[in-house]
Each structure stands twice: as structure tokens, then as C-alpha cells.
Number of protein chains: 2
Amino acid sequence: MTIDDAPRDALRGGPRELLRWVASGAAVSRADLARLSGLSPSTVSQRVEALISQGLLEEAGAGRSRGGRRPRQLAVPTGGAVVGAIDLGAHHARVGTLDLSGRVVQARTLPVRIEDGPEEVLDALLAEVSALVAVPTGPDGEAADGESAAGALRGIGVGIPGPVQHATGRIVSPSRMPGWNGFDVAAFCAGRVEVPVVVDNDANLMALGAHRTTHPDLDHAVYIKAGTGIGSGVISDGRLHRGAQGSAGDISHCRVVADPAPPCSCGNAGCLEAVASGAALVTALRDQGVPVTDLTGVIRLIDDGDRHATALARQAGRAIGEILAVVVNFFNPQVVAIGGRLADCEPLLASMRATLYERCLPLATQTLLIERVATGQDVGITGAAHLVIDHVVAAG
Amino acid sequence: MTIDDAPRDALRGGPRELLRWVASGAAVSRADLARLSGLSPSTVSQRVEALISQGLLEEAGAGRSRGGRRPRQLAVPTGGAVVGAIDLGAHHARVGTLDLSGRVVQARTLPVRIEDGPEEVLDALLAEVSALVAVPTGPDGEAADGESAAGALRGIGVGIPGPVQHATGRIVSPSRMPGWNGFDVAAFCAGRVEVPVVVDNDANLMALGAHRTTHPDLDHAVYIKAGTGIGSGVISDGRLHRGAQGSAGDISHCRVVADPAPPCSCGNAGCLEAVASGAALVTALRDQGVPVTDLTGVIRLIDDGDRHATALARQAGRAIGEILAVVVNFFNPQVVAIGGRLADCEPLLASMRATLYERCLPLATQTLLIERVATGQDVGITGAAHLVIDHVVAAG
DNA sequence: CCTACTTTCTTCGACTACAAAACGAAGTTC
DNA sequence: GAACTTCGTTTTGTAGTCGAAGAAAGTAGG
């Protein structure tokens with residue numbers, strides 16, 4: 001079961017928005033929803049009833065009175081895992097199950113060897129999702145509820161660290177995923193599970209996850225994912241902007257000034273990815289004779305104040321800032337946030353910020369938020385869950 | 001009368017879309033509209049009637065039969081100027097009146113001295129609009145009709161060669177418009193005329209005009225305006241993307257590699273505008289001792305194959321291409337088109353294209369259209385008219 | 001000329017989504 | 001206990017849209 005049309009719902013006052021207000025705690029009662037959405041009480045009641053009958057919402061007793069009748073509290077069903085999510089990375093994958101509110105029920109990180117090819121990797125990850133779903137609740141107590149009304153799995157979201165055509169679910173000429181080119185992830189997964197599968201780029205999922213949890217009300221945002229590779233996800237008018245081929249946000253091969261310009265796997269030299277990605281930092285340090293094997297080691301060196309590593313981090317920050325400056329001038333977002341493992345490097349962040357302020361129009365930066373993505377390692381699967389839930393709710 | 005909310009209508013099957021199909025010739029009858037829009041014939045009839053009663057549409061006799069009843073042809077009222085438009089440039093302004101289809105009824109170019117300040121300049125241009133409106137029809141015959149039903153002026157659109165907050169109509173720290181900073185164009189105009197006035201950046205208007213006339217069905221597009229200054233307009237999801245502060249598309253102060261990096265009026269050096277704008281080319285040639293006074297002279301030199309001028313044009317094209325490459329990777333549009341007076345320089349266009357293909361992801365360029373804006377000197381006022389008409393139709 | 005068929009457009013009844021208002025339910029306050 | 005609040009439902013009305021039926025106006029063929 002594949003998905004080929006994006007959810008063009010999620011509009012003002014739509015069911016998905018009601019659900020989100022309840023999930024976020026912004027609304028607790030029907031009256032709250034009426035106030036927030038601007039819909040009439042009768043319409044809200046009607047919609048809420050529909051959502052309840054679909055098992056997407058439930059009543060949760062009476063709330064405190066505010067001087068009149070007590071509200072009948074609404075809540076998104078919890079305790080049951082309803083969405084599976086896979087956030088595939090270069091060396092690890094984060095796999096989890098989430099509930100309808102987008103909260104993580106269970107999650108774990110698995111080592112992954114991308115080079116084993118798509119079938120093997122995806123099979124293992126899908127199996128892990130199934131295993132997590134089979135366990136009714138997490139290890140944090142709360143066993144009783146058992147199979148809640150919403151306990152059935154509704155869909156699986158998959159994030160891929162390379163260019164994906166979201167519409168078809170196919171991977172297109174990825175840099176660092178030998179054997180995956182042209183592979184149709186959605187079709188493959190659809191053949192193994194009975195529920196809808198949505199596939200998207202990992203940076204897009206991070207963007208969606210971070211946006212929904214931290215700035216759901218802002219219209220335009222750019223989220224940078226700086227880990228082993230570099231990518232970005234774009235929110236335009238409150239929705240993910242995927243562009244014509246679905247490759248929007250792929251800034252990894254934009255050229256930046258660097259001397260000497262390091263060669264990139266794409267055949268060019270001086271690509272952002274060859275200067276500022278985690279993989280690039282590892283390579284560069286190794287070339288300088290520093291004995292590091294992976295990104296973790298690099299980050300440790302930076303945290304320890306190693307001179308070479310810090311200089312490289314600064315250079316990386318400048319490079320990202322350079323590209324981002326163009327993006328900010330062009331797109332004029334309200335937020336730019338950086339996530340991924342490199343986002344925790346202070347020197348990188350600092351020089352990115354500096355470059356951004358130096359190179360952007362004052363008009364574009366005067367109210368711009370420049371942040372670190374705060375949601376931790378589960379942003380990706382959170383975004384995946386949102387994507388799935390959007391689809392499920394839109395489809396009724 | 002100011003306008004503070006963007007027309008969020010213009011959706012599938014909306015009145016504005018029906019109107020556009022008729023104006024573009026894609027639909028001639030109610031039946032055509034029903035087929036195109038997917039609406040039922042009854043709904044179309046009803047909407048058409050509403051549009052006719054508003055004077056936005058009219059019946060134009062019977063068409064040819066296709067084997068059955070002859071269609072009652074529909075047409076957008078012509079012959080009467082219903083929208084005024086002003087496209088202000090660095091040294092000239094294009095002023096015109098247009099009909100509801102977005103076709104130019106009358107237009108003329110006036111010399112302008114920006115430095116005279118906003119009141120004086122705008123007063124003169126508004127007076128010119130009034131003069132054009134007063135003349136019932138153009139000089140191309142067709143006098144009879146006189147005051148058509150739609151003859152009343154419905155609004156005025158104004159394009160400004162600098163950053164404008166479209167929502168408020170205020171100008172914000174423009175580079176080349178001394179005395180205009182903070183000026184509220186919309187409020188000023190609203191005080192002089194009785195109709196709605198919409199104000200926007202000139203590149204945005206060019207983008208809208210070009211998009212609506214050449215690629216109305218494409219979702220994502222970027223239009224570069226390269227004249228005395230450099231700007232761009234962004235179409236996202238079929239609509240103008242203005243960004244958080246309304247400064248989206250302002251790429252004039254993005255840094256590009258240039259040696260030596262020419263100083264820019266913004267205080268930085270190496271800005272795109274300081275390398276690739278018409279003003280920059282004039283300055284650079286003058287510094288080389290070539291006796292040119294204005295952009296026209298530069299373009300003539302380039303056309304004549306002057307070595308220095310051509311080299312500069314190539315450099316400018318590379319610089320634009322560099323920035324545009326980031327934009328294309330990031331935004332992944334279906335079209336990139338370049339307009340403005342510099343768009344006619346073959347060397348510039350050629351090196352822009354080359355840079356673009358060299359620096360972009362193959363995925364992003366494989367189906368990308370890279371074009372010249374073909375609509376001539378009236379694109380700007382056409383875009384302005386579309387903006388006004390969008391608003392008028394949305395407002396009922 | 002008359003019949004059969006097409007295409008175009010309108011009319012009418014039905015359905016849906018939403019809103020406005022009235023009302024019932026459940027509290028609080030004085 | 002009366003008055004007032006807040007919450008939610010029920011009822012009624014309205015606007016938008018669709019589908020079916022039919023009227024209008026033609027073509028094609030005998």
C-alpha cells in the first residue's frame with residue numbers, strides 16, 4: 001500500500017489541526033477548540049464526535065470548572081503504539097513506535113550497514129518495528145491498559161539519508177548509499193506490511209518533527225541537519241516544501257569558499273558536504289594525522305578544545321553560514337534551526353551565527369530566530385510519525 | 001484604502017481561476033469551465049452569473065456548434081481600463097492601464113528622478129494613471145464602445161525597486177532610494193485615489209506577471225530581475241512567496257567570489273549587486289576608462305562585442321549563476337527565468353546557464369527550465385494588474 | 001420536414017458543512 | 001436558593017455544491 005498524493009488537507013480548522021491542539025495541550029475541551037479554531041461550537045462537537053468514532057480522540061473525564069459547567073476533557077489516546085517510524089542514518093537507524101500525539105512510545109537505535117543494500121537493511125528495520133509493536137506498552141510501567149481502542153498500527157514512516165521522491169517513494173542518486181540508487185523504498189515496504197508507508201528524506205522529517213514540536217505556528221522555516229552528511233528541510237506556508245523533484249533542501253553540493261577545496265564524492269570540489277559534514281571533518285582530521293575514526297571522536301576532540309578540530313569546526317560553521325545566508329536572504333524564514341550531531345559543537349554554531357548575521361540583509365535577520373534543534377535524537381521519528389498521522393487523518 | 005491581507009483565495013475552481021481560464025482563452029463557454037475546473041455544470045453557471053453581475057465577465061454571442069447547441073461564449077470585458085499599474089524603476093517608470101484579463105490597454109514610460117522623494121514622484125505617476133484612465137480607449141481605434149460596463153477603475157498596483165512590506169505597503173531600508181526609507185507608499189496613494197492600492201517589490205511583480213502569462217500551471221518558480229539592480233521573485237505552490245518580512249527574493253547582497261571584491265553601497269564588499277547589477281557594470285567599465293554613462297551604453301558595448309564589457313558580462317553571469325545554484329538546490333523550482341534589461345545579454349545568460357548546470361545537483365536541473373522572461377517591458381505592470389485583480393475578485 | 005442524437009445550459013431537489021440561536025446540563029457565587 | 005457562568009447539544013437555517021432531469025439549440029440523416 002503506497003501513498004502517492006501528499007495530504008493537501010491540514011488546513012485551518014481541519015480535523016488534523018483540532019487533533020494537534022489537543023495533543024499539544026493547547027485545547028482540553030470542545031469549547032477550547034471552538035475558541036482556537038474559530039469554528040462554531042456545534043461544528044466542533046460534530047467533528048470531535050467523528051474523530052472519537054475513528055479512535056483518533058477520546059474523552060478523559062471532567063476537568064476543573066471555571067465558574068460554570070465542567071468541561072468534558074479530550075485527549076489523544078495514549079499507551080498504544082499506533083505509528084511506526086524508521087529514521088535511517090549513515091551508520092545507525094533510530095526505530096520507534098509513537099502514539100497519535102506524536103509522542104514516542106518506544107524507540108531504540110540499531111547499528112546499520114547501509115552497504116548491505118536496501119533489502120537486507122529495510123527487512124531488519126521493519127522486523128524491529130514489528131517487534132516493538134508486538135510489545136503492548138513500553139518498559140516504563142503502565143502495563144494495564146493493554147490493547148487500547150487505538151492500538152492498531154496505522155502506518156509506518158521512513159526517513160532516508162539521501163534524495164527521495166516522496167511522491168513515489170523512490171531513491172534518486174544518493175551520495176553515500178551504494179546499491180540504493182533507484183530503489184523503491186515505498187513499494188518494498190508496502191510488500192512487507194499491511195499499513196500505509198510514507199517515505200521521505202531524513203532532513204525533511206527532522207524539519208517536520210522540529211517544526212511541529214517547537215514552532216507549529218510559524219509559516220516559514222529552514223532546518224539544517226548536520227551529521228555525517230548535510231541536508232536541510234524547508235517549511236513554506238506551514239507545510240513541507242519538497243520542490244519539483246522532491247530534492248528541495250538538498251544543499252549538500254553547494255560550493256563554498258575553501259582553500260584548498262576538498263574533493264567531493266560527487267566529482268566536484270569545495271562542496272558544502274566536503275567541507276562541513278561530519279564525514280568531511282573526520283577525513284580532514286585524519287589527513288592532518290589526528291587519529292580519529294568517526295564523528296563521535298571528532299566531537300570529543302572539539303569538546304576538549306583540540307586546536308585542529310576546533311579550527312575545522314569553525315570553518316564548517318562558516319561554510320554552513322555562507323550557504324545559509326543565501327538561503328535566508330532568498331527565502332526569508334522566521335526560523336533557522338540546526339540539528340544533527342554537529343549542532344552541539346559550540347564553535348561551529350558560533351561561527352555559523354556570525355556568518356549569518358554578517359552576510360544577511362538586516363531586514364531578514366532582525367527578527368530571525370537562529371536556534372539549535374532541541375528535540376534530541378527522536379526528532380526524525382517524530383517527524384515521520386507526523387507525516388503518517390497527517391495522512392491517516394486526511395484519509396479519514 | 002489600504003490592503004493588509006493577502007488574497008488567500010485563488011484556489012482550485014475559485015472565481016479567480018475561472019476568470020483566468022476565460023482570459024487566457026482556455027475556456028470559452030460554461031461547459032469548458034466545467035470540464036476544466038471539475039465543478040458541476042450547475043455550479044459553474046451559478047458562479048459565472050455572479051461574475052457577470054459583478055461586471056467581471058460578460059457574454060459575447062454564440063460560438064460554433066460542435067454538433068449540438070452552440071455555446072454562449074464568455075469573455076472578459078475589454079476596451080475599458082479597469083486597473084492602473086505603476087512599475088517604478090531606477091530611472092524610469094512604466095505606467096499603464098490594463099483590463100481584467102491582464103492585457104495592457106495603454107502604457108507609457110516616464111523618466112523619473114527617485115531622488116526627488118516619494119511624494120513628488122508618486123504624485124506625478126498617480127496623475128499619469130489618472131490621465132490614462134480618463135482617455136476611454138487606446139489610440140488603436142475601437143472608440144465606439146465608450147464607457148463599458150466594466151469601465152470603472154478597480155484598483156492600482158505599484159511596484160517599487162526596493163524592499164517593501166507588502167502587508168503594510170511600507171518601504172524598508174532600500175539601497176538606491178534616498179529619502180524613501182520607511183515611507184508608506186500604500187497609505188500615501190490611498191490618500192490620493194479612491195480605489196484599493198497594492199504595493200509590492202518590482203521583482204515580485206515581474207515574477208507574478210511572467211508566471212501568470214507563461215507558466216501558470218507550474219508550482220515552483222524563481223524569476224530574476226537583472227536591471228540597474230538585482231532582485232528576484234519567488235513562486236511557491238503557485239503563489240508569490242514573500243517570506244517573513246516580505247523580503248524574500250532579495251538576493252542583491254549575497255556575497256559572490258570576485259577578485260577584487262567591489263565595494264557595495266551596503267557597506268560590505270563582493271555583494272551580487274556590486275558585481276552583477278547594471279549599475280555595477282557601468283561603474284566597472286568607467287573605472288577601466290571606458291566612457292559609458294548608463295546601462296544602455298553598456299548593453300550596446302556588449303552587443304558590439306567589446307572585450308571589456310563582454311568579460312564583465314560573463315563575470316556577472318557567473319556571479320548570478322553561483323547564487324542561483326544555491327537557490328535551485330535549495331528550492332528546487334521547475335523554472336528559473338531571468339528578466340530585466342540585462343537578460344538580453346547573451347554572454348551573461350550563457351555563463352549563468354553554464355554555472356547553473358555546473359553547480360547544481362543533476363536531479364535539480366534535469367527537468368529545470370532556464371529561460372529568459374519573454375514578456376517584454378510590460379511584465380511589471382502586468383504583474384501589478386494581476387495582484388490587483390486577485391484582490392478585487394477575492395473581495396467579491 | 002421530421003426524427004434521432006449532441007452539446008449546452010438551466011432548473012430543481014437533495015445533501016453537506018457550517019453557523020446562529022436556543023436550550024439543557026452542570027457548576028459557582030452571593 | 002436565585003442569578004449568573006461555562007460547557008455542550010439540539011434545532012433550525014443558510015450557502016455551496018452535486019446529480020438528475022429537462023429545456024434550448026443545434027447537427028445528421030432519412
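For clarity, every value in this text was computed on a predicted model and none was experimentally measured.
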Tell me the interatomic distance from [X], atom [atom1], to [N], atom [atom2], rounded to whole angstroms.
{"X": "A:D32", "N": "D:dG8", "atom1": "CG", "atom2": "P", "result": "8 Å"}
{"X": "A:R35", "N": "D:dG8", "atom1": "CZ", "atom2": "P", "result": "9 Å"}
{"X": "A:R30", "N": "C:dA19", "atom1": "CZ", "atom2": "P", "result": "17 Å"}
{"X": "B:Q73", "N": "C:dC9", "atom1": "CD", "atom2": "P", "result": "10 Å"}
{"X": "A:L57", "N": "D:dG8", "atom1": "CG", "atom2": "C1'", "result": "15 Å"}

What residue among A:V28, A:T43, A:L74 forms side-chain contact (heavy atoms from CB on, under 4.5 Å) with A:L33?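 Looking at A:V28, A:T43, A:L74, the match for A:L33 under the side-chain contact (heavy atoms from CB on, under 4.5 Å) is A:L74.
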
Ignoring hydrogens and angles, state whether a donor on the side chain of B:Q165 or B:T168 is under 3.5 Å from an acceptor on the partner side chain.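 Yes, side-chain donor-acceptor contact under 3.5 Å.
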
Donor-acceptor side-chain pairing of B:E17 and B:S37 below 3.5 angstrom: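 There is no such pair (donor and acceptor under 3.5 Å, judged by atom type) between the side chains of B:E17 and B:S37.
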
Give the B/S/- string for nucleotides 17-30 of chain D, one per nucleotide from 5' to 3', where a protein heavy atom under 4.0 Å of the base yields B, of only the sugar-phosphate yields S, and otherwise -. BBB----BBBS---

Listed partners of A:R35 passing salt bridge (charged side-chain N to carboxylate O under 4.0 Å, His left out), at least two apart: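 Checked A:R35 against salt bridge (charged side-chain N to carboxylate O under 4.0 Å, His left out); matches are A:D32.
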
Tell me what B:R64 touches on the nucleic acid: a base, only sugar-phosphate, or nothing, going by heavy atoms under 4.0 Å.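 The answer is nothing, as B:R64 stays clear of every strand by at least 4.0 Å.
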
If you look at every heavy atom in A:V133 and A:L153, which pair is closest and at what distance?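 Where A:V133 meets A:L153 most closely, the heavy atoms are CG2-CD1, 3.8 Å.
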
Is any NZ, NE, NH1 or NH2 atom of the basic residue among B:D390 and B:R212 found under 4.0 Å from an Asp or Glu carboxylate oxygen of the other?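 So B:D390 pairs with B:R212 through a salt bridge.
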
